[in-house]
Amino acid sequence: MAALLKTSYPWIKLPLIVSAPMLNAATPALAASVSQAGGIGFLAGGTKPAELDNLLTKTTALFGAKSQHRRGSNQVLPIGVGFQNWGCDLDAMSPIFRKHCVAAIWLFAPKQLSDFSSWAREIRSASGGRTQVWIQVGTVLEALEVMRLARPDVLVVQGTDAGGHGLRQSASIISLLPETIDALKAAGYPNVPVLAAGGIVEARGVAAAHTLGAAGVVMGTRFLAADEAGIARGWQNEIIRVGDGGTSTKRSTLCDRLKETIGWPEHYDGRAITNKGHLDEDSGLSDAESVRLYKEELKNGDEAWGDHGRMVTYAGTGVGLIKVRKPAAQIVQETSNGALEILRRGAGVPDSKL
Ligand SMILES: Cc1cc2nc3c(=O)[nH]c(=O)nc-3n(C[C@H](O)[C@H](O)[C@H](O)COP(=O)(O)O)c2cc1C
């Protein structure tokens, strides 16, 4: 299945590393660096077409008109764009799909799964079939339903360890991925490439995901600590500081309530580094008071991050393995090359042949 990806995206190196669409955090520089290093970088589409237009214009400029990364007969912009479908208007976004033909559009978190059908149809029609449709799911049943409704070109299977938003209830990819792959085969979809997301931050995780049957991996949290990430330095410092992600992060809806984000479908929440805000919530502080304190805290800049703070610090359980900030290209190359080496050793290929 990885070979199929290489046909669709000729610039990629295997094992494939994808940087997740993360609103504001996934900058044009981040997406372009990831793709130029042999991965696939994603921007987050947001909800405002004019803002996305601007991001895509900036990203296009980073590649240059004659870039080798624009190779292939379909001449797409070699990055992807991700949408959180519940808050997004397809009719408003569609002209952008026509204007900037990207390699992939990633769909996630619709109000109902059937919404994916019209999105997939419109993306394919607007791009003349050049833009591939990726869909992120979090359960075996979702994967099967999504295949039936929208026939995505790529499925991203997100486990519960993932940073940011995901299903309130799902499994880690260690069991979710192989069970999903088996179910897809049994249902007559043996050829869809399945990517693993959630808790993967370095080469060993990438190699493990491939052993479980993944055709590539998606990393979000690892790229929050990339030089090009568009997040506050305080947030980035937290990603590097905290360890033991199973205890230092938590799934909750607190972050949405603090930011007063309304509309997430009920079965989603988000994983973030725990701080004073979570402790206060556990002791019964009201939402109104939490929001007031959060808004106060926003005035404190980078000082507001950390155990004592209340800032929204999304991160996955892999956070404890991230020790340094690096350029995105280095993250892609180290994780991909490192995984290849592990997989070759596991297959008994001698070091001299690596
Ligand atoms: C800060 C942050 C923002 C995210 N935003 C989005 C998003 O807008 N759309 C989406 O489909 N996934 C989003 N995700 C989830 C990622 O797609 C991916 O599943 C996740 O990052 C993988 O887990 P990891 O963080 O452990 O690598 C986000 C993740 C993070 C950490």
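Order of listing sets the numbers, starting from 1, for every ligand and every atom in it.
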**OP:** Specify whether W264 and Y268 have parallel, tilted or perpendicular ring planes, treating 30° as the upper limit for parallel and 60° as the lower limit for perpendicular.
**Re:** tilted
**OP:** Start with the C-alpha gap between E51 and N54, add the side-chain angles, then the distance that decides, and say whether side-chain hydrogen bond (donor to acceptor under 3.5 Å, both in side chains) holds.
**Re:** CA-CA 5 Å; E51 286 179 12; N54 186 27; over 6 Å; no
Original post:
With a cut-off of 4.0 Å, which atoms of ligand 1 are near a heavy atom of T221?
Top reply: 24 (P), 25 (O), 26 (O), 27 (O)
Original post:
Is the gap between the ring centers of W11 and Y9 under 6.0 Å?
Top reply: yes
Original post:
Should the proximity of W106 to ligand 1, defined as any heavy atom under 4.0 Å, be assigned to the side chain, the backbone, both, or neither?
Top reply: side chain
Original post:
Quick one: does A197 get an N or O within less than 3.5 Å of an N or O on ligand 1?
Top reply: no
Subject >> Test item: S35 side-chain N/O and P78 main-chain N/O as donor-acceptor pair under 3.5 Å >> reply: yes
Original post:
Is it the case that E228 and T27 place a side-chain donor and acceptor less than 3.5 Å from each other?
Top reply: no
Original post:
Can you find a side-chain donor-acceptor pair between D53 and H100 that sits under 3.5 Å?
Top reply: yes
Subject >> Sub-3.5 Å N/O-N/O distance, G199 and ligand 1 >> reply: yes
Original post:
Which protein non-hydrogen atom lies closest to atom 29 (C) of ligand 1, naming both residue and atom, and how far is it?
Top reply: G163 O, 3.2 Å
Original post:
Any non-hydrogen atom of G318 lying under 4.0 Å from ligand 1?
Top reply: no
Original post:
So which protein heavy atom does atom 22 (C) of ligand 1 come closest to, and at what separation?
Top reply: G198 N, 3.5 Å
**OP:** Give yes if a backbone or side-chain nitrogen or oxygen of Q136 is under 3.5 Å from a nitrogen or oxygen of ligand 1, and no if not.
**Re:** yes
Subject >> Heavy-atom pair of closest approach, residues R222 and R325 >> reply: NH2-CA, 4.3 Å
**OP:** Mind checking whether Q84 contacts ligand 1 via backbone (N, CA, C, O), side chain (CB onward), both or neither, at a 4.0 Å heavy-atom cut-off?
**Re:** side chain
Original post:
Taking only heavy atoms of M219, which atoms of ligand 1 are found under 4.0 Å from at least one of them?
Top reply: 27 (O)
**OP:** Return yes if some donor-acceptor pair links the side-chain N/O of T180 with the main-chain N/O of L176 below 3.5 Å, else return no.
**Re:** yes
Original post:
Within the side chain of K326, is there an N or O that forms a donor-acceptor pair under 3.5 Å with the backbone of D227?
Top reply: no
Subject >> Subset of ligand 1 atoms that lie under 4.0 Å from at least one heavy atom of G164 >> reply: 29 (C), 30 (C), 31 (C)
Original post:
Numbering the atoms of ligand 1 from 1, which are under 4.0 Å from a heavy atom of A162?
Top reply: 20 (C), 22 (C), 23 (O), 26 (O)
Subject >> Closest protein heavy atom to atom 21 (O) of ligand 1, given as residue, atom name and distance to 0.1 Å >> reply: G220 CA, 3.3 Å
Original post:
Does any N or O atom in A44 lie less than 3.5 angstrom from one in ligand 1, N or O only?
Top reply: no
Subject >> atom 16 (C) of ligand 1: the protein heavy-atom neighbour that sits closest, reported with distance to 0.1 Å >> reply: A20 CB, 3.6 Å
Original post:
Looking only at N/O atoms, are Q158 and ligand 1 under 3.5 Å apart anywhere?
Top reply: yes
**OP:** May I ask whether P21 places a heavy atom under 4.0 Å from ligand 1?
**Re:** yes
**OP:** Can you label the angle between the F83 ring and the W119 ring as parallel, tilted or perpendicular, going by 30° and 60°?
**Re:** tilted
Original post:
Does E202 reach the main-chain N or O of I322 with its side chain, forming a donor-acceptor pair under 3.5 Å?
Top reply: no
Original post:
Which heavy atom of the protein is the closest neighbour of atom 10 (C) of ligand 1, given with residue, atom name and distance?
Top reply: F108 CD2, 3.5 Å
Original post:
So if you build clusters from Ile, Leu, Val, Met, Phe, Trp, Tyr with side-chain heavy-atom gaps below 4.5 Å, do V76 and L62 land together?
Top reply: no
Original post:
Is it the side chain (CB and beyond), the backbone, both or neither of M22 that lies under 4.0 Å from ligand 1, heavy atoms counted?
Top reply: both
Original post:
Considering only heavy atoms of Y314, which atoms of ligand 1 have at least one such atom less than 4.0 Å away?
Top reply: 1 (C)
